[in-house]
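Notes for the one structure printed next.
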Amino acid sequence: MLLGTIILFSSCGSSRPSSFVRTASGGEWSAILIRDDLPFDRAFNEVVDVVAKRFEMDMISKDAGYGRSQWSYTWNDKGRYLNFYRTRVLFKFSADRTRVEIKTEAELLGKRGWVLGFDTRLLETIKRDVMGVVSRTTM
């Protein structure tokens, strides 16, 4: 197993980012509670604004309470384009609009195609930024 992982990542042409975690599902959803005094429309717009400052948006549906960014090839290396690593952000509001869930996905190009996972640094960054504008408390 270890040898297969080494071969997979050595075929990328560069070392894999240390924040990349390989998963079958692209990572778990992380929930953030919305302040009681914050109307859904404003909370939704704040979350879109946070994500759109770092990523181009691919899909936004206020009615569904959902958004997804496009894949970015420049997130993890100080703006330098990496053709072997890409990330994106997804968010969805709960049906009762009391929380927003954030998920990041990352893919690393291996010998047999894209390997799915998530980026821990991106998740923490986006989660912190969203908490700062919509959360009951920040951590």
Side-chain angles (χ1 to χ4, degrees):
M1 178 71 174
L2 179 59
L3 179 59
T5 302
I6 292 169
I7 290 169
L8 170 74
F9 293 128
S10 66
S11 67
C12 296
S14 184
S15 63
R16 78 172 178 82
S18 61
S19 57
F20 177 74
V21 176
R22 182 179 180 172
T23 64
S25 65
E28 300 297 322
W29 291 94
S30 183
I32 299 169
L33 296 176
I34 306 295
R35 290 191 322 262
D36 293 334
D37 65 336
L38 192 62
F40 168 71
D41 284 346
R42 182 159 173 224
F44 185 86
N45 290 339
E46 293 284 357
V47 173
V48 169
D49 188 51
V50 165
V51 176
K53 283 181 181 174
R54 297 180 187 272
F55 292 85
E56 294 292 322
M57 296 305 296
D58 186 37
M59 174 188 271
I60 301 172
S61 173
K62 188 180 273 188
D63 291 338
Y66 178 82
R68 180 183 67 218
S69 75
Q70 292 181 359
W71 286 107
S72 171
Y73 293 82
T74 59
W75 159 255
N76 207 39
D77 196 35
K78 300 178 184 174
R80 187 170 61 98
Y81 183 87
L82 301 174
N83 64 347
F84 63 89
Y85 189 68
R86 60 188 183 184
T87 57
R88 70 178 174 183
V89 176
L90 298 86
F91 66 85
K92 63 181 179 176
F93 281 77
S94 61
D96 64 3
R97 309 300 198 214
T98 60
R99 70 183 184 282
V100 61
E101 296 181 23
I102 307 289
K103 179 179 179 178
T104 63
E105 293 180 336
E107 291 185 337
L108 182 66
L109 186 58
K111 198 171 196 174
R112 296 182 181 180
W114 291 102
V115 177
L116 184 60
F118 69 100
D119 189 290
T120 58
R121 188 171 68 93
L122 175 58
L123 178 59
E124 289 305 313
T125 299
I126 294 294
K127 187 177 172 183
R128 181 191 65 235
D129 291 352
V130 168
M131 288 176 73
V133 295
V134 302
S135 182
R136 294 180 185 172
T137 59
T138 57
M139 297 189 336

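Positions are given from 1 along the sequence.
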Determine whether V89 and R68 make a side-chain contact, defined as any pair of heavy atoms from C-beta on separated by less than 4.5 Å. no
State whether the number of non-hydrogen atoms from other residues, nucleotides or ligands found under 6.0 Å of E28 atom CD is greater than 12. no
Using salt bridge (charged side-chain N to carboxylate O under 4.0 Å, His left out), reason through E46 and R42 one step at a time and then give a plain yes or no. CA-CA 6 Å; E46 293 284 357; R42 182 159 173 224; 3.7 Å; yes
Judged by modelled atom types alone, do S61 and D63 share a side-chain donor-acceptor pair under 3.5 Å? no
Residue pair L108 / W114, side-chain heavy-atom distance below 4.5 Å: no
Flag for S19-D119: side-chain donor and acceptor within less than 3.5 Å: yes
Angle between ring planes, F44 versus F40, binned at 30° and 60°: parallel, tilted or perpendicular? tilted
Minimum-distance pair of heavy atoms, taken over all atoms of P39 and D37: CD-O, 3.4 Å
If you look at every heavy atom in M57 and Q70, which pair is closest and at what distance? O-NE2, 3.9 Å
Please go through W29's hydrophobic cluster and name the other residues, only I, L, V, M, F, W, Y counting, with side-chain heavy atoms under 4.5 Å joining them. M59, Y66, L90
Without swapping roles, check the side chain of D49 against the backbone of N45 for a donor-acceptor pair under 3.5 Å. no
Distance check, rounded to the nearest 0.5 Å: T104 atom OG1 versus R121 atom CZ? 11.0 Å
For the CD1 atom of I126 and the CD1 atom of I32, what is their distance to the nearest 0.5 Å? 9.5 Å
Qualifying residue for salt bridge (charged side-chain N to carboxylate O under 4.0 Å, His left out) with E101, from K103, R99, R97: R99
Flag, side chain of R16 to backbone of F20, donor-acceptor distance under 3.5 Å: yes
Rounded to the nearest 0.5 Å, how far does CG of D58 lie from OG of S72? 12.5 Å
Would you say L116 and Y73 are hydrophobically clustered, going by side-chain heavy atoms of ILVMFWY under 4.5 Å? no
Report yes if the side chains of T87 and E105 come closer than 4.5 Å at any heavy-atom pair, otherwise no. no
Non-hydrogen side-chain atoms of I34 and T98 separated by less than 4.5 Å: no
Member of Y85, F84, W71, F118 meeting the side chain to side chain contact (heavy atoms under 4.5 Å, CB included) criterion with E107: W71
Note: R54-D129 ion pair, threshold 4.0 Å (strictly below): yes
Is there a donor-acceptor pair under 3.5 Å between the side chain of S69 and the backbone N or O of R88? no
Show, in sequence, the C-alpha distance, side-chain angles and deciding distance for V48 and F91, and conclude whether the side chain to side chain contact (heavy atoms under 4.5 Å, CB included) test is met. CA-CA 9 Å; V48 169; F91 66 85; 3.6 Å; yes
Distance check, rounded to the nearest 0.5 Å: T74 atom OG1 versus R86 atom CZ? 13.5 Å
